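Heads up: the structure comes next, in structure tokens.
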There are 2 protein chains.
Amino acid sequence: METTWTEQLRTAGLRVTRPRLSVLGVLAEHPHVDADTIATAARTVHPSISPQAVYGVLKALVGSGIARRIEPAGGPALYELRVGDNHHHLVCRECGLIADVDCVVGQAPCLQPSDAAGFAVDEAEVVFWGLCAGCQVARRTHVHGTNSAIEEGVTA
Amino acid sequence: METTWTEQLRTAGLRVTRPRLSVLGVLAEHPHVDADTIATAARTVHPSISPQAVYGVLKALVGSGIARRIEPAGGPALYELRVGDNHHHLVCRECGLIADVDCVVGQAPCLQPSDAAGFAVDEAEVVFWGLCAGCQVARRTHVHGTNSAIEEGVTA
DNA sequence: CCCGTTGTCTTGAATGAGTCAAATCAAGAG
DNA sequence: CTCTTGATTTGACTCATTCAAGACAACGGG
């Protein structure tokens with residue numbers, strides 16, 4: 001898996017650079033991260049990387065279909081490497097945790113709204129909002145404090 | 001319809017003020033508008049209204065369930081008065097036009113992902129991305145210019 | 001193995017949506 | 001009419017993201 005990054009970049013017509021490999025490394029470890037977290041994490045392996053380089057890399061990756069950008073309401077954009085399999089997301093209202101959901105309907109699922117109003121639909125984006133397991137427990141225990149750590153744990 | 005705004009505000013425990021009625025007026029005429037457009041439009045009827053007042057009003061309206069906030073990726077937040085009927089949206093990639101879609105599956109539709117991963121889901125948000133009728137024509141006519149006017153037309 | 005081209009990264013500044021805080025103002029109860 | 005309290009104004013500020021110019025490095029050709 002790891003060794004294909006170089007090939008993937010080359011195939012996409014992109015040069016293989018340190019910043020790009022660093023960002024890909026971070027994305028592989030953390031399924032859903034924002035640009036700032038990527039920058040911080042990437043710096044442990046490539047200290048001189050700049051925030052703008054991260055934005056540039058991400059734009060290139062998204063543009064060539066290697067990564068995907070998701071923008072949950074009320075937060076910064078997140079990036080993930082899982083592309084092309086039309087999956088959706090569960091977002092925790094409390095802590096921001098994100099989990100993947102495979103599409104309920106099959107391959108091209110929600111692509112048919114009841115009334116398309118003349119639109120040529122090419123993508124259906126589905127976001128499920130709710131409370132993750134951890135935050136449900138925290139709320140039941142009446143520990144109403146905000147455990148707002150945005151961590152990645154549900155990878156399965 | 002118009003006369004109930006006052007009642008709606010009172011029922012929600014909110015004071016009936018000029019800025020609030022102005023914003024409600026704009027929202028009633030334009031199904032999906034961003035805060036800045038609301039401010040501009042509201043100013044034709046209440047010239048002294050400030051942008052921050054609009055944000056405050058919108059927050060109050062959303063908080064009490066009178067309005068709904070939607071945040072399409074890559075653009076500012078939009079507001080609409082249609083609430084509580086669990087409908088979704090069609091967004092035009094080209095011009096930003098937004099149309100409503102009634103839910104395909106019924107009342108509480110997409111609320112059941114295939115694998116909830118322990119989440120307690122309380123809302124499913126669906127966004128269909130594509131090209132509106134107008135932009136399809138424009139593209140076929142090889143008029144590849146950007147007709148980027150964000151207007152409301154599909155209210156039906 | 002070195003060199004030049006060209007795409008990429010760095011540095012620094014700017015934009016735009018949205019928020020926060022203090023002071024003023026007015027809705028509506030008494 | 002007056003007072004209380006919630007709403008609005010004004011102004012400064014944060015944060016994510018983008019733009020621009022110059023320095024740098026990947027990699028194909030010599």
Side-chain angles (χ1 to χ4, degrees), chain A residues 5-26 32-43 45-64 66-67 69-79 96 148 150, chain B residues 5-26 32-43 45-64 66-67 69-79 96 148 150:
Chain A
W5 292 339
T6 298
E7 298 170 23
Q8 278 196 274
L9 289 170
R10 287 243 167 76
T11 306
L14 297 172
R15 287 187 184 169
V16 180
T17 66
R18 202 94 141 1
R20 283 174 180 170
L21 292 175
S22 310
V23 168
L24 282 168
V26 174
H32 310 98
V33 256
D34 60 282
D36 189 61
T37 305
I38 293 174
T40 305
R43 228 164 264 131
V45 86
H46 180 191
S48 76
I49 197 173
S50 68
Q52 288 74 356
V54 173
Y55 280 110
V57 169
L58 290 171
K59 189 190 258 183
L61 293 180
V62 171
S64 50
I66 296 175
R69 176 190 180 126
I70 59 177
E71 296 182 46
L78 305 177
Y79 298 85
S148 55
I150 302 185
Chain B
W5 292 339
T6 298
E7 297 170 25
Q8 277 196 276
L9 289 171
R10 288 243 168 76
T11 306
L14 297 173
R15 287 186 183 169
V16 181
T17 67
R18 202 93 135 20
R20 284 176 178 168
L21 292 174
S22 310
V23 168
L24 282 167
V26 174
H32 310 99
V33 255
D34 61 282
D36 189 62
T37 306
I38 293 174
T40 306
R43 228 165 262 131
V45 84
H46 179 190
S48 76
I49 197 172
S50 68
Q52 287 75 356
V54 173
Y55 281 113
V57 169
L58 290 171
K59 189 190 263 186
L61 293 179
V62 171
S64 50
I66 296 174
R69 176 188 179 125
I70 59 178
E71 294 182 46
L78 305 176
Y79 297 85
S148 55
I150 302 185

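Predicted model, so just to flag it, every value in this text is computed and none were measured. The analysis underlying the following values was restricted to heavy atoms, covering all of them including side chains, and did not include hydrogens, waters or symmetry mates. Every chain is numbered from 1 and lettered A, B, ... according to where its sequence line falls, protein lines coming before strand lines.
Nearest heavy-atom pair across A/V26 and A/A42 is CG2-N, 3.6 Å. The shortest heavy-atom contact between B/L78 and B/P72 is CD1-CG, 4.0 Å.
Atoms CG and CG, on B/L58 and B/L24 in that order, are 9.0 Å from each other to the nearest 0.5 Å. Separating the CZ atom in B/R43 from the OG atom in B/S50 is a distance of 8.0 Å, to the nearest 0.5 Å. Atoms CD1 and OH, from A/I38 and A/Y55 in turn, are 9.5 Å apart once rounded to the nearest 0.5 Å.
Across the protein-nucleic acid pair, B/I49 atom CD1 and D/dT10 atom P stand 12 Å apart, rounded to whole Å. Whole-Å rounding puts the A/I38 CD1 to D/dA16 C1' distance at 13 Å. Here D/dG6 presents its P atom at 18 Å from CG of B/L61, a figure rounded to the nearest Å. We find that CD1 of A/I70 is positioned 16 Å from P of D/dA16, with the value rounded to whole Å.
Looking at residues two or more places apart in sequence or on another chain, you find no salt bridge (Lys or Arg N to Asp or Glu O under 4.0 Å) involving B/R15.
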**Where protein sits on nucleotides 18-30 of chain C, one letter per nucleotide: B base, S sugar-phosphate only, - none, heavy atoms under 4.0 Å** = BBB-----BBS--
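Recorded end-axis angle for the helix from C/dC1-D/dG30 to C/dG30-D/dC1 stands at 30°, based on five pairs per end and rounded to 10 degrees.
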